[in-house]
Engineer: 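Okay, handing you the structure first.
Every heavy atom of this structure was used, including side-chain atoms; hydrogens, water molecules and symmetry mates were not. Below, chains carry the letters A, B, ... as their sequence lines are ordered, and counting in each starts from 1. Keep in mind that what you see is a predicted model, and the values were worked out from it rather than measured.
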Protein chains: 2
Amino acid sequence: MSYDKNIRQCPRDVFSEYLAKHHKRRTPERFAILDSAMSTPDHFTIESFHDKLESEGFHVSLATIYSTLELLVDCGLVRRHRFGSDSARYERTAGSANHHHLVCSRCGKVKEVRDASLSEAISAIRYPGFAASYFSLNIYGLCRACQKRERKAGQTSRKVNKNNQTLSTIRNRKK
Amino acid sequence: MSYDKNIRQCPRDVFSEYLAKHHKRRTPERFAILDSAMSTPDHFTIESFHDKLESEGFHVSLATIYSTLELLVDCGLVRRHRFGSDSARYERTAGSANHHHLVCSRCGKVKEVRDASLSEAISAIRYPGFAASYFSLNIYGLCRACQKRERKAGQTSRKVNKNNQTLSTIRNRKK
DNA sequence: TTTACTGCAAATATTTTGCAATATC
DNA sequence: GATATTGCAAAATATTTGCAGTAAA
């Protein structure tokens with residue numbers, strides 16, 4: 001799997017060649033999106049990316065952002081992740097060494113974990129008939145905060161209401 | 001990471017204990033969903049699962065299926081995956097040895113790959129402060145069929161229309 | 001000059017939420 | 001008896017699509 005094979009080439013050239021090969025057009029919108037994506041080091045969503053472009057003075061429609069990011073994923077400059085039920089998250093390939101994610105199933109929080117040897121191990125595997133481009137490894141479980149809440153819930157088998165009062169507390173008070 | 005820690009316990013008992021601990025109710029709907037999920041060996045979506053339940057003679061609302069599957073994920077009996085832009089896919093934990101997925105970024109096709117040593121390596125990693133439950137490793141790239149199409153597109157730099165005719169073909173024909 | 005691309009708005013698809021009726025604890 | 005759960009329908013989100021105008025090749 002030749003991960004990040006393109007990162008030593010200028011992204012604009014990679015994209016340009018890709019567009020030419022696929023008989024697609026070099027529009028200012030596409031290059032504005034490319035440039036902005038390449039200058040974003042962190043994860044981003046379509047929505048946050050749209051906002052960023054607006055604040056940079058570019059008005060590009062959501063539909064165009066969707067379609068262009070699909071192209072950028074297709075030519076290997078951008079990765080696309082899907083964690084919980086929320087929207088997809090994107091990240092540039094260049095400058096983002098392969099990492100994986102701890103995803104809290106309870107609250108949806110995502111944490112990045114860098115692990116060079118694991119990334120290498122995963123990247124080294126070849127799949128006959130499948131041209132791998134990148135991987136997305138997500139470990140699902142409970143984050144620290146949600147574990148704390150979990151322990152609290154299990155501590156007692158007494159029934160508690162939303163205010164954390166036991167039923168007997170309530171009954172006594174009513175007398 | 002204690003993956004599949006519950007598979008040797010009867011799923012009904014696991015779920016029952018979980019519900020009791022969280023002060024949730026043992027409803028017939030929840031156990032119908034549990035039973036049906038546990039007897040489904042393959043991936044399923046909410047939609048396909050709903051259809052399956054109907055065909056088995058259970059009428060349970062989509063909202064209840066959503067909420068119950070969330071509980072089943074939470075107590076480790078079911079895993080939840082998110083591949084492309086389509087709906088989430090679920091699978092029972094028991095009887096589905098850890099595997100990963102080849103996902104075609106072009107057509108969305110998903111193929112399972114079994115790899116015991118890789119699964120073990122991933123499962124062996126501990127994360128301080130994070131209680132891991134399961135992992136989802138997705139390799140994105142092009143499947144065989146989409147690679148074929150890709151090669152065809154790149155073969156020539158002549159412009160072709162949707163019927164794969166070059167512009168000169170069309171021009172000649174028009175004369 | 002052909003046709004792909006864009007923006008906008010409408011359409012889809014998926015998941016969540018509000019509420020009244022019901023069933024569990 | 002108190003309240004969590006259910007089904008239904010409506011709402012909220014995310015993404016895709018249709019179309020008319022525009023621009024790249």
Engineer: Just to be sure I understand the geometry, which residues of residues 40-72 of chain A put a non-hydrogen atom under 4.0 Å away from DNA chain C?
Structural biologist: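 Correct list: A:His59, A:Val60, A:Ser61, A:Ala63, A:Thr64.
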
Engineer: Below 4.0 angstrom from OP1 or OP2 of D:dT5, is there any side-chain N or O of B:Arg30?
Structural biologist: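 Answer yes for this pair, as a side-chain N or O of B:Arg30 is under 4.0 Å from OP1 or OP2.
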
Engineer: CG of A:Asp86 versus P of D:dA12: gap in Å, rounded?
Structural biologist: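 One finds 18 Å between P of D:dA12 and CG of A:Asp86, rounded.
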
Engineer: Say whether A:Thr64 and A:Arg30, considering side chains only, have a donor N or O and an acceptor N or O under 3.5 Å apart.
Structural biologist: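 No, A:Arg30 and A:Thr64 have no side-chain donor paired with an acceptor closer than 3.5 Å.
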
Engineer: Give the ring-plane orientation class for A:Tyr127 versus A:Phe130, where under 30° counts as parallel, over 60° as perpendicular and anything between as tilted.
Structural biologist: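 Rings of A:Tyr127 and A:Phe130: perpendicular, over 60°.
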
Engineer: Within the side chain of A:Ser36, is there an N or O that forms a donor-acceptor pair under 3.5 Å with the backbone of A:Ala32?
Structural biologist: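 Looks like no, no N/O pair under 3.5 Å.
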
Engineer: Whole angstroms only, please: what is the CZ-P distance between B:Arg25 and C:dT24?
Structural biologist: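 For the pair B:Arg25 CZ and C:dT24 P, the rounded distance is 9 Å.
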
Engineer: Could you tell me how far apart A:His22 (NE2) and D:dA24 (C1') are, to the nearest whole angstrom?
Structural biologist: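 Interatomic distance, NE2 of A:His22 to C1' of D:dA24: 18 Å.
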
Engineer: Answer yes if the side chains of B:Glu150 and A:His22 hold a donor-acceptor pair under 3.5 Å, and no otherwise.
Structural biologist: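 Checked: B:Glu150/A:His22 side chains pair up, N/O donor to acceptor below 3.5 Å.
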
Engineer: Between D:dT15, D:dA24, C:dT24, which nucleotide has the shortest distance from any of its atoms to the side chain of B:Pro28?
Structural biologist: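 In terms of side-chain proximity for B:Pro28, the closest of D:dT15, D:dA24, C:dT24 is C:dT24.
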
Engineer: Side-chain N or O of A:Ser87 versus OP1/OP2 of D:dT13: is the shortest distance under 4.0 Å?
Structural biologist: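 It does not, given that no N or O in the side chain of A:Ser87 lies less than 4.0 Å from OP1 or OP2 of D:dT13.
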
Engineer: Check the distance between C:dC5's C1' and A:Phe31's CZ and give it to me in whole angstrom.
Structural biologist: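 It works out to 14 Å between those atoms.
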
Engineer: Is it true that B:Arg114 and B:Glu112 make a salt bridge, defined as a side-chain N closer than 4.0 Å to a carboxylate O?
Structural biologist: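 Salt bridge: yes.
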
Engineer: Please check this pair: side chain of B:Ser133 against backbone of A:Gly141, looking for a donor-acceptor N/O pair closer than 3.5 Å.
Structural biologist: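 Here the side-chain-to-backbone pair does not exist.
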
